[in-house]
Amino acid sequence: MSASRTAIATAPLAVVDVETSGLSPARGDRVVEVGVVLAEGTRRVERTFAALVDPGFPLDPRVVAIHGITDTMLRGRPAFAALAPELAGLLDGRVLVGHNVRFDLGFLEAEFGAADVPFAPGLVLDTLALARALAPAGRCGLGVLAARLGIEVEGAHRALGDATTTWNVLRALLARAEARDMRTVADLLALQRRSPYRRPARHALREQGGGEHEARARAILARSRLAILYRNAFGQTGWRTIRPLDWSPPYLRAWC
């Protein structure tokens, strides 16, 4: 039987979260903490993995203000390469789960690559995408979503704390999925592929009354590439080339 056809109630899971020195491994940002919660379907395994990681350089104070991990805390901690073999073994053969998991996977792939340790995640579930399909009536950031689902958050913005919250969110979402007769990993993979992000731009434009908004959207969406000047969460600005997907004013959804 294909691994994706495994019942989610018994599937081997690894719920992952990383804290980082910034937003982009392509720009040299590194992992500074890893947290992993292991589970066999809806049953959590007692073993967890949590480690601080020395990135090899001082952290930006604005980043420290977010997760609270300081240079002092990282001094003397191992580099990611020293942890990579154990971590890869821990994740091997498990369905990876994360909240906005592309962010975590981008950093993990970069770190494992730099360490020359094989890392080839197979099946991946994203609780952000699942929440947009199963609990769409509100914002789906991890902390806000947990509050909406009645889940207590402990250790926010620390890797093991966020992995634990993600695990509890997943359990709540699985109960909703089961009510829709979605019981396998494949069911959830299909659901997250259909997960809505925002309404198509044409619907939003009708509600906006067309006019200037419609003309601007048509011009944007007609382009295969668009250069934008943006500001990230740390106040840094820069140019980036994107591929527009849809526009629901004032939000532009695009592939970067």
Side-chain angles (χ1 to χ4, degrees), residues 8 13-24 29 31-37 39 42 44 48 50 62-69 95-108 124-180 182 188-189 191-201 203-204 207 230-236 245-254 256:
I8 189 63
L13 308 177
V15 187
V16 300
D17 185 83
V18 299
E19 300 300 326
T20 65
S21 67
L23 297 174
S24 174
D29 292 319
V31 168
V32 298
E33 188 177 38
V34 184
V36 181
V37 171
T42 54
R44 177 171 171 173
T48 59
R62 292 170 294 182
V63 179
V64 175
I66 294 173
H67 51 50
I69 299 172
V95 178
L96 263 62
V97 182
H99 196 78
N100 190 22
V101 72
R102 287 184 179 180
F103 178 86
D104 304 275
L105 284 181
F107 272 92
L108 288 174
V124 178
L125 293 175
D126 188 347
T127 50
L128 176 60
L130 293 174
R132 285 172 175 154
L134 295 168
R139 294 166 56 196
C140 291
L142 183 58
V144 175
L145 176 61
R148 289 204 290 118
L149 296 175
I151 295 168
E152 184 176 353
V153 176
E154 297 182 11
H157 301 301
R158 293 297 302 271
L160 187 58
D162 281 352
T164 300
T165 300
T166 300
W167 154 245
N168 287 323
V169 163
L170 177 66
R171 292 172 62 206
L173 295 176
L174 290 182
R176 297 188 178 208
E178 186 175 356
R180 298 189 186 188
M182 297 177 177
L188 296 180
L189 291 171
L191 180 64
Q192 71 182 18
R193 283 195 294 270
R194 300 193 303 268
S195 174
Y197 184 77
R198 290 194 178 275
R199 296 162 296 170
H203 299 311
E207 294 176 12
Y230 75 104
R231 177 179 295 167
N232 66 24
F234 306 114
Q236 301 164 329
L245 299 176
D246 65 54
W247 189 44
S248 180
Y251 299 102
L252 173 67
R253 181 181 175 219
C256 176

Which is it for I69 and H157 under the side-chain contact (heavy atoms from CB on, under 4.5 Å) test, yes or no, and what are the steps along the way?
CA-CA 9 Å; I69 299 172; H157 301 301; over 6 Å; no
Would you call H99 and T165 a side-chain contact if the rule is heavy atoms closer than 4.5 Å?
no
Would you check, one step at a time, whether the test side-chain contact (heavy atoms from CB on, under 4.5 Å) holds for L191 with L130?
CA-CA 7 Å; L191 180 64; L130 293 174; 4.1 Å; yes
Minimum heavy-atom distance L23-F103, with the two atoms named:
O-CE1, 3.8 Å
For the CG atom of D29 and the OG atom of S21, what is their distance to the nearest 0.5 Å?
4.0 Å
For V15 and A163, the nearest pair of non-hydrogen atoms, with its separation, is CG1-O, 3.4 Å
Nearest heavy-atom neighbours spanning A135 and R176
CB-NH1, 3.5 Å
Is the backbone N or O of V124 less than 3.5 Å from a side-chain atom of Q192, with the two atoms forming a donor-acceptor pair by type?
yes
Taking only residues two or more places apart in sequence or in another chain, which ones pass side chain to side chain contact (heavy atoms under 4.5 Å, CB included) with V64?
L59, T70
With rounding to the nearest 0.5 angstrom, report the CZ to CZ distance, R148 to R139.
10.0 Å
Find the distance between CD1 (I66) and CD (E19) and round it off to the nearest 0.5 Å.
9.0 Å
Rounded to the nearest 0.5 Å, what's the gap from CZ on F107 to OG on S24? Could you check?
6.5 Å
T166 and G98 have their tightest heavy-atom pair at CG2-C, 4.0 Å
Using a 4.5 Å cut-off on heavy atoms from C-beta on, say whether the side chain of V101 contacts that of L125.
no
Could you report the tightest heavy-atom contact between L160 and A50, atom names first, then the distance?
CD2-CB, 3.9 Å
Side-chain contact, heavy-atom cut-off 4.5 Å: R44 with V37?
yes
Check whether any side-chain heavy atom of L170 sits under 4.5 Å from a side-chain heavy atom of L13, and report yes or no.
yes
R193: what forms a side chain to side chain contact (heavy atoms under 4.5 Å, CB included) with it, not counting sequence neighbours?
L189, A190
So, taking the atom named CZ in R158 and the one named OG1 in T164, what distance separates them when rounded to the nearest 0.5 Å?
12.0 Å
Could you state the interatomic distance from SG (C140) to CG (L134), rounded to the nearest 0.5 Å?
10.0 Å
D104 and D17, any side-chain heavy atoms less than 4.5 Å apart:
yes
Excluding sequence neighbours, so at least two apart, what forms side chain to side chain contact (heavy atoms under 4.5 Å, CB included) with R171?
W167, N168
T42 versus E178: any side-chain heavy-atom pair under 4.5 Å?
no
Heavy-atom pair of closest approach, residues A131 and L173:
N-CD1, 3.9 Å
For T20 and V31, indicate whether the former's side chain and the latter's backbone hold a donor-acceptor pair under 3.5 Å.
no
Test side-chain contact (heavy atoms from CB on, under 4.5 Å) on I8 and M182; report intermediate values, then the result.
CA-CA 9 Å; I8 189 63; M182 297 177 177; over 6 Å; no
In the structure I gave you, are the side-chain heavy atoms of V153 and L142 within less than 4.5 Å of one another anywhere?
no
